[in-house]
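Please read the structure below before turning to the comments.
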There are 2 protein chains.
Amino acid sequence: MGDVSKPEAILAALADPTRRAIVTRLRPGALSVGALADGLPVSRPAVSQHLRVLCDAGLLDVHKSGTRRLYQLSPGGVQALRTYLDGLWDDALAGFLTAAKSSPSAKGD
Amino acid sequence: MGDVSKPEAILAALADPTRRAIVTRLRPGALSVGALADGLPVSRPAVSQHLRVLCDAGLLDVHKSGTRRLYQLSPGGVQALRTYLDGLWDDALAGFLTAAKSSPSAKGD
DNA sequence: GCTTACCGTAAGCCATGACTTACGCAAAAC
DNA sequence: GTTTTGCGTAAGTCATGGCTTACGGTAAGC
């Protein structure tokens, strides 16, 4: 489904505080929608909508268990963002080192 | 200034497409506000506002050079988000492995 | 000193999206 | 078969925030 996990979608998904709270609550393990909503300050339908966004971004995985749906973190989505940040980190560090050379700043070079 | 670089602020900052475009344009090296806005489909003040958000999140560093201000990527901000994702990845993988054991899935085990 | 270049800030407008209630559907319980 | 539980979807409301134009302020150029 949403296994492409583009960094843009993941960043957009993790931008919302409620969605980050959902992700945090899912870190210990999978939870049903009701259990998830029970510890959040929003209604259950709101949680469902957020879960859709998170799943669509590839951050969550869902599997049906009887009448309930268990949501859990998907390593693939997290990995996609990590890869993006690795490249960004590389460029940021290179730029930092370049700037360090250009600016004396009396640090001893 | 914003060297604390909380993951929440960084995620919120990187959620906007324009701000991601700014970050992308800064990957090769530092740029002034005018040069930055010149390659973006928004006005210069809009870029200034985005730069403020990015700086506040700890993702960008600024240093004055005459009448212009050079903005560049800050490794610290990127690192903060990487650290957050490392922990998230750890939990996601653990949950994935636990689920793999619980669900036979008739894949050969 | 005056002009020009470069930039940040303020005020206002408008679209995106997060939340709510109401509804419909599927699977378990009995 | 009927009821109950658990969940997703639809429609509508309202706040957040991204964009614009207008303005003020500082450093270089002449």
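Every value quoted in this text rests on a predicted model; they were computed, and no experiment measured them.
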Does [N] have its OP1 or OP2 closer than 4.0 Å to a side-chain nitrogen or oxygen of [X]?
X       : N      : value
B:Ser32 : C:dC7  : yes
B:Arg68 : C:dC6  : yes
A:Tyr71 : D:dG6  : no
B:Arg19 : D:dG18 : yes
B:Thr67 : D:dA27 : no
A:Thr18 : C:dC19 : yes
B:Ser48 : C:dC7  : no

Q.
Looking only at the side chain of A:Arg69 (C-beta and beyond, no hydrogens), which of the listed nucleotides D:dG18, D:dG8, D:dT20 gets closest?
A. D:dG8

What is the distance from [atom1] of [X] to [atom2] of [N], rounded to the nearest Å?
X       : N      : atom1 : atom2 : answer
B:Asp56 : C:dG8  : CG    : P     : 14 Å
B:Leu40 : D:dC19 : CG    : P     : 10 Å
B:Leu14 : D:dG18 : CG    : P     : 12 Å
A:His63 : C:dA27 : NE2   : C1'   : 15 Å
A:Gln49 : C:dT16 : CD    : P     : 17 Å
A:Arg44 : C:dA18 : CZ    : P     : 18 Å
A:His50 : C:dT20 : NE2   : C1'   : 12 Å
A:Leu51 : D:dG6  : CG    : C1'   : 13 Å

Q. When you match A:Lys64 and A:Val42 each to their closest nucleotide on DNA chain C, which lands nearer the 5' end?
A. A:Val42

**Q.** Position toward the 5' end of DNA chain C (nearest nucleotide), A:Val53 or B:Arg52
**A.** B:Arg52

**Q.** Least distance between heavy atoms, B:Ala13 atom then B:Arg19 atom
**A.** O-NE, 2.6 Å

Q | Pairing of A:Arg27 and B:Asp90 as salt bridge, 4.0 angstrom limit | A | no

Q.
As a quick check of understanding, evaluate side chain to side chain contact (heavy atoms under 4.5 Å, CB included) for A:Tyr84 and A:Leu11, giving each step before the final call.
A. CA-CA 11 Å; A:Tyr84 169 79; A:Leu11 286 169; 4.2 Å; yes

Q) Do the side-chain N and O atoms of B:Gln49 and B:Arg52 include a donor-acceptor pair separated by under 3.5 angstrom? A) no

**Q.** Flag side-chain contact, heavy atom, 4.5 Å: A:Leu31 against A:Leu70
**A.** no

